[in-house]
Amino acid sequence: MEDLTHKTAVEDENYGSNMAETMLRLLPMALCVVALVIMLKDSQTNDFGSLSYSDLGTFRYLVHANGICAAYSLLSAIVAALPRPTTMPRAWTFFLLDQMLTYIILAAGAASTEVVYLAYKGDTSVTWSETCGSFGGFCRKATASVSITFIVGLSYVGISLLSAYRLFSKYDAPVEHYNNKRGIEIANY
């Protein structure tokens, strides 16, 4: 009877942990979709012409990065919600993919921040004038999308730390085994 009670308590703890991780993985999905939709609807036409997110490759990259991160967040939340024990390959997969997506979303946010900065301030050394005086609505939406993307980046940093903790606290580092058939001495320091 005690074993059954202990097993149920462990299962309840794992369920709570899985549910918390699932919710943590769904948060950036929602934020990615919001940032993506704001950027997709970001266009403005006035007397000076028209400007759309698709005119700037950096903003197209931001849209694609947010789409990829939203899809990954949904898939990883589904996998995290499954009541299966964590195996080493699963832990390594989460760790590596979480790291990769963190860098992708941070790169998209950083590159887009530069474009938004140039749109507000311009760059006189290359005769790039500021654009936000003429296309203020476009710049506000772009700033909102980039800001949300950085919140997504912070969420992914937290998820990456969680997956790193789960991996390295549960599994030891791989030990290298040398097959020394030739009798060559290898110095160990």
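Keep in mind the model is a prediction, meaning the values are calculated, not measured.
- Residues T45 and S50 come closest through the heavy atom pair OG1-CB, 3.4 Å.
- With hydrogens and angles ignored, the 3.5 Å screen pairs no side-chain donor or acceptor of S155 with any backbone N or O of P28.
- No continuous path of hydrophobic side-chain contacts links L161 to Y165 [ILVMFWY only; heavy atoms under 4.5 Å].
- A heavy-atom distance below 4.5 Å is found between the side chains of F59 and V116.
- Taking the side chain as every heavy atom from C-beta outward, V115 and Y120 never approach each other to under 4.5 Å.
- Side chain of S76 to backbone of S73: a donor-acceptor contact under 3.5 angstrom is found.
- Clustering ILVMFWY residues whenever any of their side-chain heavy atoms sit less than 4.5 angstrom apart, transitively, puts L62 in a cluster other than the one holding L118.
- Not less than 2.5 angstrom separates the SG atom of C69 from that of C32.
- Of all the heavy atoms in L26 and A77, the pair that sits closest is CD2-CB, 3.6 Å.
- Judged by distance alone, with hydrogens and angles left aside, the side-chain atoms of Q44 form a donor-acceptor pair with the main-chain N or O of F138 at under 3.5 Å.
- When hydrophobic clusters are built by joining Ile, Leu, Val, Met, Phe, Trp and Tyr residues whose side-chain heavy atoms come closer than 4.5 Å, directly or via intermediates, V34 is grouped together with V152.
- Side-chain atoms of S112 do not come within 3.5 Å of backbone N or O of G109 as any donor-acceptor pair.
- Placement of I68 and M29 in two distinct hydrophobic clusters is found when ILVMFWY residues are connected by side-chain heavy-atom separations under 4.5 Å, directly or transitively.
- The side-chain heavy atoms of I148 and S145, taken from C-beta on, include no pair separated by under 4.5 Å.
- Criterion: ILVMFWY side-chain heavy atoms under 4.5 Å apart, direct or through other members. Under it, L27 and L74 are not part of a common hydrophobic cluster.
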Where do Y53 and K141 land on the side chain to side chain contact (heavy atoms under 4.5 Å, CB included) test, with the steps shown first? CA-CA 10 Å; Y53 87 94; K141 284 183 179 181; over 6 Å; no
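- Across every non-hydrogen atom of V33 and A70, the tightest pair is CG2-CB, 4.1 Å.
- Side chains of T93 and L97 form a contact here, defined as non-hydrogen atoms less than 4.5 Å apart.
- Between the SG atom of C139 and the OH atom of Y117 there is a distance of 13.5 Å, given to the nearest 0.5 Å.
- Taking each heavy atom of F135 and G49 in turn, the nearest pair found is CE2-O, 3.7 Å.
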Assess the residue pair Y156 and I104 against the criterion (side chain to side chain contact (heavy atoms under 4.5 Å, CB included)); give the C-alpha distance rounded to whole Å, side-chain angles, the decisive distance to 0.1 Å, and a yes or no. CA-CA 10 Å; Y156 268 106; I104 287 172; over 6 Å; no
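- Between F95 and F168, the distance from one ring center to the other falls under 6.0 angstrom.
- Two residues are said to be in side-chain contact when any heavy atoms from C-beta on lie closer than 4.5 Å; L96 and Q99 fail this criterion.
- Remark: R84 CZ is loosely packed, at most 12 non-hydrogen atoms of other residues, nucleotides or ligands lying under 6.0 Å away.
- Salt bridge absent: D98 and R166 never bring a charged side-chain N and a carboxylate O closer than 4.0 Å.
- D42 places no side-chain N or O within donor-acceptor distance of the main-chain N or O of I38, the cut-off being under 3.5 Å.
- With rounding to the nearest 0.5 Å, the separation of CG in L36 from OG1 in T149 is 9.0 Å.
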N66 vs M39, side chain to side chain contact (heavy atoms under 4.5 Å, CB included): CA-CA, chis, key distance, verdict: CA-CA 10 Å; N66 275 310; M39 190 58 80; over 6 Å; no
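- Taking both residues in full, the closest heavy atoms of G153 and I105 are given as CA-CG2, 3.7 Å, listed atom of the first, atom of the second, then distance.
- L167 CG to M88 CE: the interatomic distance, rounded to the nearest 0.5 Å, is 8.0 Å.
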Give the intermediate values and the outcome of side chain to side chain contact (heavy atoms under 4.5 Å, CB included) for residues F94 and V79. CA-CA 10 Å; F94 269 128; V79 171; 3.7 Å; yes
